Amino acid sequence: MAILAVKSLLRFVNMSVVFHGDESLDKDDMELIQRHIKNAKVYSIEDADKIAKETSEQIFELRKNIGELFQLDQKFEKQKKAWALKVLDFHLLSSAPKVIVLDSDTLFFKPPTQIIEWTRSSTTENFYAIPVNPNLKIDQQSYSAIFPNASFLSRFNGGLFGFNKNMITLESVIDIIETLKVNRDYPVYGDECIWRLVFAHTKTVELSFDEYPLIGSKESFNLYKSKDAVKYMHFLLKHRQGVYAKSIDQVVDEINAQTT
């Protein structure tokens, strides 16, 4: 899934790529990625742990305990460990001044013009995708009491966002984590909740839902009225009900046609 997600984007724009795996990423997986995407950097969990520790002991310890903020039961222990890596590691493992974060269950269908322009411009704005409905699980008054200087981002999709490291620094992400550590009533269910807060403290732009939608059910996919406008899609469906599989076939055929 991750390889195709990246290849679906790279056919429209050239950029350096970093793959970051959790405990499930093995040597065979890493070799497969590098065969498909030349010059990609692939970091195992061991690689990332070493870099974090070499950066600073404080960051290493903070990173190790981020999962404790996630208010999920024990059946999500594996996911909590993986999601915790998606908070600080984008800064630690990327040397580029701008970073695009992309989930593996996503595909690009058309040139994402707004994103391409962002990669080539000197803009200091950051961007993020959104779901169709608000997904912030706290009222605005309680939110503002904890984060008085933050915008109220009622919709945020952690499957696709981009940021400028000069605007969103590693220190600014750490500040959010430290605030959450002393405000345990704030709802945190994964890395997306932390990144929403990070973006809420800086200059940001929403991507249009019509062009960059998040699809969570077959019904929502069938009801979606703007399929001709879609440049990208985030599939919470994954392998269920055939929607993702059909989209994979379309993208693979298009990529193969470009290379023959």
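Sequence positions, counted from 1, serve as the residue numbers for this chain. Just so you know, these numbers come straight off a predicted model, no measurement behind them.
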On a heavy-atom basis, which atom in [X] and which in [Y] lie closest, and how many Å separate them?
| X | Y | result |
| --- | --- | --- |
| Ser104 | Ala5 | O-CB, 3.6 Å |
| Arg63 | Ala52 | CD-CB, 3.7 Å |
| Glu206 | Gln114 | O-NE2, 4.3 Å |
| Lys110 | Val230 | CD-O, 3.5 Å |
| Ala48 | Asp89 | CB-OD2, 3.7 Å |

For this session: Among Lys86, Lys81, Arg196, find the residue that satisfies the salt bridge (Lys or Arg N to Asp or Glu O under 4.0 Å) test when tested with Asp191.
Result: Lys86

Exercise. Which of parallel (below 30°), tilted (30 to 60°) and perpendicular (above 60°) describes Tyr232 and Tyr212?
Worked result: tilted

Problem set entry | Geometric class of the Trp118/Phe127 ring pair [parallel <30°, tilted 30-60°, perpendicular >60°] | perpendicular

I'd like to know whether [atom1] of [X] has more than 12 heavy-atom contacts from other residues, nucleotides or ligands below 6.0 angstrom.
| X | atom1 | answer |
| --- | --- | --- |
| Asp185 | CG | no |
| Asn39 | CG | no |
| Lys41 | NZ | no |
| Glu57 | CD | yes |

Exercise. Does the distance from a Lys or Arg side-chain N to an Asp or Glu carboxylate O, for Glu254 and Arg11, drop under 4.0 Å?
Worked result: yes

So do [Y] and [X] actually touch side chain to side chain, heavy atoms under 4.5 Å?
| X | Y | value |
| --- | --- | --- |
| Ile130 | Leu207 | no |
| Ile51 | Tyr43 | yes |
| Val99 | Val101 | yes |
| Asn164 | Thr123 | no |
| Met30 | Leu25 | yes |
| Val251 | Lys7 | no |
| Asp103 | Met1 | no |
| Ile66 | Lys80 | no |

Is the backbone of [Y] close enough, under 3.5 Å, to the side chain of [X] for a donor and an acceptor to pair up by distance?
| X | Y | answer |
| --- | --- | --- |
| Asn183 | Tyr186 | no |
| Gln71 | Arg184 | yes |
| Asn126 | Lys203 | yes |
| Asp29 | Asp26 | yes |
| Ser172 | Thr169 | yes |
| Thr119 | Ile116 | yes |

For this session: Let me know which of Tyr128, Trp83, Phe161 forms a ring pair (Phe, Tyr, Trp, His ring centres under 6.0 Å) with Trp195.
Result: Phe161

Distance, nearest 0.5 Å, that separates [atom1] of [X] from [atom2] of [Y]:
| X | Y | atom1 | atom2 | result |
| --- | --- | --- | --- | --- |
| Ile37 | Leu10 | CD1 | CG | 6.0 Å |
| Leu93 | Thr55 | CG | OG1 | 8.5 Å |
| Leu32 | Asp28 | CG | CG | 8.5 Å |
| His20 | Phe90 | NE2 | CZ | 8.0 Å |
| Thr106 | Leu9 | OG1 | CG | 8.5 Å |
| Ser16 | Lys98 | OG | NZ | 12.5 Å |

Exercise. What's the verdict on side chain to side chain contact (heavy atoms under 4.5 Å, CB included) for Leu92 and Leu170, showing C-alpha distance, side-chain angles and the deciding distance?
Worked result: CA-CA 8 Å; Leu92 299 178; Leu170 180 60; 4.1 Å; yes

Transitively linked via ILVMFWY side-chain contacts under 4.5 Å: [X] with [Y]?
| X | Y | value |
| --- | --- | --- |
| Val18 | Ile45 | no |
| Ile194 | Leu85 | no |
| Met15 | Ile3 | yes |
| Phe209 | Val205 | no |
| Leu180 | Ile174 | yes |

For this session: Compute the ring centroids of His36 and Phe19, then answer whether they are less than 6.0 Å apart.
Result: no

Exercise. So is Lys53 actually on top of Phe60's ring, under 6.0 Å and inside 45° of the axis?
Worked result: yes

Assess the side chains of [X] and [Y]: does a donor N or O sit below 3.5 Å from an acceptor N or O?
| X | Y | value |
| --- | --- | --- |
| Asp22 | Ser24 | yes |
| Gln58 | Ser56 | no |
| Ser44 | Asp47 | yes |

Side-chain donor-acceptor pairs of residues 142-160 under 3.5 Å, sequence neighbours excluded:
unit_1: Ser142; atom_1: OG; unit_2: Asp139; atom_2: OD1; d: 3.1
unit_1: Ser142; atom_1: OG; unit_2: Asp139; atom_2: OD2; d: 2.9
unit_1: Tyr143; atom_1: OH; unit_2: Ser151; atom_2: O; d: 2.5
unit_1: Ser144; atom_1: OG; unit_2: Gln140; atom_2: O; d: 3.0
unit_1: Arg155; atom_1: NH1; unit_2: Pro131; atom_2: O; d: 3.3
unit_1: Arg155; atom_1: NH1; unit_2: Val132; atom_2: O; d: 3.0
unit_1: Asn157; atom_1: OD1; unit_2: Gly159; atom_2: N; d: 2.8
unit_1: Asn157; atom_1: OD1; unit_2: His234; atom_2: ND1; d: 3.2
unit_1: Asn157; atom_1: ND2; unit_2: His234; atom_2: ND1; d: 3.4

Exercise. Going through the checks in order, is the side chain to side chain contact (heavy atoms under 4.5 Å, CB included) test met by Phe108 and Leu102?
Worked result: CA-CA 11 Å; Phe108 285 85; Leu102 182 66; 3.8 Å; yes

For this session: Go through Asp49 and Lys64 one step at a time and tell me if the side chain to side chain contact (heavy atoms under 4.5 Å, CB included) criterion holds.
Result: CA-CA 9 Å; Asp49 287 347; Lys64 187 168 62 176; over 6 Å; no

For this session: Before giving the answer on side chain to side chain contact (heavy atoms under 4.5 Å, CB included), spell out for Lys181 and Leu62 the whole-Å C-alpha distance, their side-chain angles and the decisive distance to 0.1 Å.
Result: CA-CA 10 Å; Lys181 285 170 64 177; Leu62 181 65; 4.0 Å; yes

